[in-house]
Amino acid sequence: MPEDRPRPWFWLLKSEPDTYSIDDLKRDGTGPWDGVRNFSARNRLREMKRGELALFYHSSTKPTGVVGLCRVAKEAYPDPSQFDPESDYYDPKATEEKPRWSMIDVRYVSHLPQMVTLEEIKATPELGEMVLVKRARLSVQPVTREEFERIVELGGGTLPKGK
DNA sequence: GCCAACGTTGGC
DNA sequence: GCCAACGTTGGC
């Protein structure tokens with residue numbers, strides 16, 4: 001995707017629902033997106049702008065797929081768990097002066113009326129170039145506007161207006 | 001639970 | 001800077 005494409009950009013965020021589900025985010029209103037320990041995913045987090053929309057994807061469940069929408073509530077800041085030796089996400093190479101890992105906050109927007117499964121996405125020709133299909137393991141991904149809108153449509157949802 | 005794909009580390 | 005070894009993700 002060209003870097004000069006106009007804002008807003010669109011995103012896909014993966015979470016295991018056993019860890020943090022769309023229902024958890026709905027309950028919380030705004031939630032932390034932390035624990036990312038992969039450099040490309042982190043770099044994507046750092047590109048995300050407040051107000052931009054993301055597809056909320058449930059991974060490692062049956063079936064996997066997009067279940068709803070959220071938006072960036074707070075842009076990237078240092079993930080405190082990297083400094084905490086007690087945390088699963090502790091990184092001994094990170095220091096307060098030179099943090100390695102970032103997190104964002106996201107705000108709940110909506111559930112899609114129907115989940116859009118990975119199977120469905122793979123079966124939709126216009127979605128064949130999605131990062132989700134091409135680089136399955138990346139947990140924070142860019143999505144084109146067209147892909148975003150197509151998935152919302154497949155899920156029977158409506159595009160949220162404004163910020 | 002398996003295992004393919006792929007990201008990261010570290011020796012050279 | 002390459003690449004083998006190793007670790008992790010995530011669909012199935």
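Every heavy atom of this structure was used, including side-chain atoms; hydrogens, water molecules and symmetry mates were not. So that the names make sense, note that chain A is the first sequence line, chain B the second, and so on, each numbered from 1.
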Could you list, one pair per line, each protein nitrogen or oxygen that sits under 3.5 Å from a nitrogen or oxygen of nucleotides 1-3 of chain C, together with the distance?
none

Run the side-chain hydrogen bond (donor to acceptor under 3.5 Å, both in side chains) test against [X] and tell me which residues pass, sequence neighbours left out.
X	result
A/Ser110	none
A/Ser81	A/Arg37, A/Asp79
A/Arg100	A/Asp91
A/Asp105	A/Tyr77

ring-ring contact (aromatic ring centres under 6.0 Å, His included) partners of A/Phe148, counting only residues at least two apart: A/Phe10
Within residues 108-139 of chain A or reaching into it, pairs that qualify as ring-ring contact (aromatic ring centres under 6.0 Å, His included) - sequence neighbours excluded: A/Tyr108-A/His111
Separation of [X] atom [atom1] from [N] atom [atom2], in whole Å?
X	N	atom1	atom2	result
A/Arg44	B/dG7	CZ	C1'	14 Å
A/Asn38	C/dT9	CG	P	9 Å
A/Lys134	B/dC6	NZ	P	11 Å

Option among A/Ile151, A/Leu154, A/Val116 that satisfies the side chain to side chain contact (heavy atoms under 4.5 Å, CB included) test with A/Thr124: A/Leu154
Listed once per pair and sorted, the salt bridge (Lys or Arg N to Asp or Glu O under 4.0 Å) pairs that draw on residues 107-123 of chain A, sequence neighbours left out: none
Using atom types as modelled, flag every donor-acceptor pair under 3.5 Å from a side chain in residues 56-64 of chain A to any protein atom, sequence neighbours excluded.
unit_1, atom_1, unit_2, atom_2, d
A/Tyr57, OH, A/Thr64, OG1, 3.2
A/His58, NE2, A/Ile22, N, 3.1

Give every donor-acceptor pair under 3.5 Å between a side-chain atom in residues 83-90 of chain A and any protein atom, sequence neighbours left out.
unit_1, atom_1, unit_2, atom_2, d
A/Asp84, OD1, A/Glu86, N, 2.9
A/Ser87, OG, A/Tyr89, N, 2.9

Stretch residues 84-93 of chain A: residues that reach within less than 4.0 Å of DNA chain C through a heavy atom: none
Find every protein N or O atom lying less than 3.5 Å from an N or O atom of nucleotides 10-12 of chain C, and list the pairs.
unit_1, atom_1, unit_2, atom_2, d
C/dG10, OP1, A/Lys14, NZ, 3.2
C/dG10, OP1, A/Arg137, O, 2.8
C/dG11, OP1, A/Tyr57, OH, 3.0
C/dG11, OP2, A/Ser60, N, 3.1
C/dC12, OP1, A/Lys122, NZ, 3.3

Below 4.0 Å: OP1/OP2 of C/dT9 and any side-chain N or O of A/Arg135: no
